[in-house]
Amino acid sequence: NAGKDVLTSPPICSSEGTSKFEPWARPGTNVDANSKVTLTTDPSGGPCPATMAERKFAPSYTAKTNSTKARAYSPFRVRIGRTDGQQELKLVDVTLPKGLTGKLKGRPYCPEAAIAAAAGKSGNAEKSNPSCASDSYIGTVTTQSGSGPNPLQLSGIAYLAGPYKGAPLSMVTITPAVAGPFDLGNVVVRVALNVDPETAQIRAVSDVIPHVFGGAKLDIRLIDLNVDRGGFMLNPTNCKAQATAGTINGGGGDPTNPAAFSALAVSDPFQATECRGLGFKPKLRVKLFGGTKRDKNPRLKAVLTARSGDANVARTALTMPRSLFLDQSHIGTVCTRPQLASHTCPKASVYGKGWAESPLLDKPLKGKVYLVSSNNELPDLLVDLRGQVDIHLRGVISSKRGGLKTVFRKVPDVPVSKFVLSMKGGEKSLLVNSQNTCAKTQRAVLNIKGQNGKKVKNNRYKLNIVSCGKKGKK
């Protein structure tokens with residue numbers, strides 16, 4: 001505090017202290033002496049809380065990027081504060097807007113051993129020799145602690161870390177707790193960064209923030225996280241109104257017991273700008289291999305490529321010509337939702353494979369294509385992409401006047417430079433020729449929509465029937 005106020009008043013209206021006195025004349029004889037502290041108001045001047053659970057909890061909350069320009073890299077800052085007398089800040093659980101994401105490529109994780117080492121070091125040792133390498137740095141964290149007008153300010157560093165509590169990656173903040181001659185070690189807080197497999201949205205869930213550390217009551221008044229590493233946080237390419245929203249938990253009736261915490265919903269609006277200024281010219285190449293005669297089941301390969309800097313894909317739809325029907329007799333084993341969630345889809349539900357390359361990741365995401373249960377008339381087609389993060393691309397299949405139509409309705413707002421989908425032929429093909437596909441040029445209907453609303457439409461999209469014109473090939 002100000003250098004002279006070393007004590008703080010109790011958090012509730014009435015508190016009682018107990019002392020024991022032992023006289024020289026009668027050693028071993030203790031006399032109890034009780035005293036009571038009675039307050040009339042809380043630090044803000046409002047009614048004094050009678051119990052810990054009755055304390056106010058109305059923290060301030062902001063979560064903003066420095067720039068809102070679509071597809072621009074920008075620092076992202078979160079500030080959470082509370083005034084004197086309010087419940088303690090205990091846990092943060094918020095979800096970022098769709099498309100507001102981080103670039104993992106070239107960013108190594110801080111090793112688990114280094115994180116454990118930081119928890120066991122002195123604060124001064126951490127300051128002079130950080131446990132995590134600078135390559136893992138993603139930002140800074142500043143905290144203010146203590147009651148009164150001059151809380152103690154401490155500075156720490158935020159690092160990118162690996163899988164944690166079921167999440168594919170995490171953030172760790174390491175703050176040396178050093179104040180003058182006092183060195184209490186390092187406050188290490190982990191934040192699980194969950195990634196929604198269908199939207200790629202990031203949900204950040206913190207560990208419980210310590211109430212007491214090194215024998216001292218933290219009484220945190222402000223948490224200021226500034227993710228300022230250059231080229232890390234990337235804005236969406238969709239300019240619809242969104243928000244960074246979730247809950248913040250207060251100490252409630254017992255700041256040492258998570259079951260007693262109170263929860264407050266928080267939200268800060270976010271909306272990207274200048275989306276229409278982005279280009280959108282992806283290219284799709286579709287090839288059919290194998291038999292071209294009637295009743296044959298070809299295999300399919302589709303390759304989608306996107307230009308760097310364009311808006312991301314939001315929706316794709318491809319309707320095959322009537323010469324290529326949906327072969328419903330080949331729709332057999334379907335992967336259920338629980339099987340998909342536990343990665344135990346049966347082998348018979350596999351109908352192809354796919355992979356996606358993104359400038360945000362070190363390696364492509366790869367996986368199998370399943371027929372999965374859905375609320376639609378037919379099973380959905382799901383590309384189960386796995387890697388640094390797991391993404392599910394869900395396609396709705398239908399039969400339009402006999403022809404096969406596949407629509408990927410909700411593509412995540414993240415950049416993908418190349419996507420390849422390979423579907424099996426023969427007994428696992430979802431396509432069947434209703435005529436000789438070499439008899440004439442086969443044309444489909446293609447519709448691709450960007451996250452910024454721009455479209456690529458081709459009602460006479462030409463399919464490449466590879467076997468046509470090749471003698472000796474069936």
Crowding at [atom1], [X] (>12 non-hydrogen neighbours, <6.0 Å):
X    : atom1 : value
R460 : CZ    : no
K121 : NZ    : yes
K428 : NZ    : yes
K64  : NZ    : yes

Does any non-hydrogen side-chain atom of [Y] lie less than 4.5 Å from one of [X]?
X    : Y    : result
L382 : L340 : yes
I220 : E88  : no
Q87  : N249 : no
L421 : K301 : no
R443 : Y461 : no
D384 : V369 : no
L371 : C335 : no
M320 : L463 : yes

Looking at [Y], is its backbone amide N or carbonyl O close enough to the side chain of [X] to form a donor-acceptor pair, meaning the two atoms are under 3.5 Å apart?
X    : Y    : value
Q451 : V411 : yes
T173 : A158 : no
E274 : A70  : no
H330 : S429 : yes
D268 : T62  : no
R229 : D135 : yes
S417 : E357 : yes
S358 : P415 : yes
S467 : G290 : yes
R71  : D310 : yes

Handout entry: Of V466, N464, N433, L324, the residue whose pairing with L288 passes side-chain contact (heavy atoms from CB on, under 4.5 Å)
Key =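 The passing option is L324.
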So how far is it from [X] [atom1] to [Y] [atom2], rounded to the nearest 0.5 Å?
X    : Y    : atom1 : atom2 : answer
C110 : Y159 : SG    : OH    : 7.0 Å
Y61  : T247 : OH    : OG1   : 10.0 Å
I138 : I157 : CD1   : CD1   : 11.5 Å
S373 : Q339 : OG    : CD    : 8.5 Å
K353 : Y370 : NZ    : OH    : 13.5 Å
T406 : L381 : OG1   : CG    : 6.5 Å

Handout entry: Evaluation steps, side-chain contact (heavy atoms from CB on, under 4.5 Å), between I391 and R386
Key = CA-CA 7 Å; I391 297 295; R386 301 188 198 178; over 6 Å; no
Exercise for the section: Using a strict cut-off of less than 4.0 Å between a Lys/Arg side-chain nitrogen and an Asp/Glu carboxylate oxygen, indicate whether E198 and K410 qualify as a salt bridge. Expected result: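 A salt bridge is absent here (no side-chain N lies under 4.0 Å from a carboxylate O).
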Considering all heavy atoms, the nearest [X]-[Y] contact:
X    : Y    : answer
V313 : I448 : CG1-CG2, 4.1 Å
V78  : A63  : CG2-CB, 4.1 Å
S374 : L378 : OG-O, 3.0 Å
K69  : N235 : O-ND2, 2.9 Å
T140 : D228 : N-OD1, 4.3 Å
F280 : A311 : CD1-O, 3.5 Å

Practice task
Could you check Q153 against T142 for side chain to side chain donor-acceptor pair (under 3.5 Å), going step by step and ending with a plain yes or no?
Solution key: CA-CA 7 Å; Q153 181 163 303; T142 302; 5.3 Å; no
Practice task
Mind running side-chain contact (heavy atoms from CB on, under 4.5 Å) on I80 and L89 for me, showing each step along the way?
Solution key: CA-CA 9 Å; I80 303 170; L89 298 174; 4.0 Å; yes
Side-chain H-bond candidate by donor/acceptor type, [X] with [Y], under 3.5 Å:
X    : Y    : result
N238 : D413 : no
E377 : S398 : no
D207 : Y164 : yes
Q442 : T437 : no
T273 : T68  : yes
E126 : S131 : yes
T65  : S67  : no

Exercise for the section: Not counting sequence neighbours, which residues clear side chain to side chain contact (heavy atoms under 4.5 Å, CB included) with A317? List them please. Expected result: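 Listed in chain order: R315, V407, N447.
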Exercise for the section: Using side chain to side chain donor-acceptor pair (under 3.5 Å) as the criterion, point out the one residue from D93, T95, D196, N194 that pairs with R203. Expected result: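 Considering D93, T95, D196, N194, a side chain to side chain donor-acceptor pair (under 3.5 Å) with R203 is found only for D93.
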Practice task
Sort and list the pairs that fulfil salt bridge (charged side-chain N to carboxylate O under 4.0 Å, His left out) and have at least one residue in residues 95-114, not counting sequence neighbours.
Solution key: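 Listed once each, the pairs are E112-R190.
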Problem - salt bridge (charged side-chain N to carboxylate O under 4.0 Å, His left out) pairs, two or more places apart, involving residues 279-290 - result: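 Passing the test, one end in residues 279-290: no pairs.
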Problem - side chain to side chain donor-acceptor pair (under 3.5 Å) between T344 and S342, intermediate numbers included - result: CA-CA 5 Å; T344 57; S342 61; 2.8 Å; yes
Exercise for the section: Start with the C-alpha distance between V172 and V188, add both sets of side-chain angles, then the distance that settles side-chain contact (heavy atoms from CB on, under 4.5 Å), and finish with yes or no. Expected result: CA-CA 7 Å; V172 60; V188 179; 3.7 Å; yes
Handout entry: Trace of the side-chain contact (heavy atoms from CB on, under 4.5 Å) decision for L96 with M233
Key = CA-CA 11 Å; L96 273 58; M233 291 299 294; 3.9 Å; yes
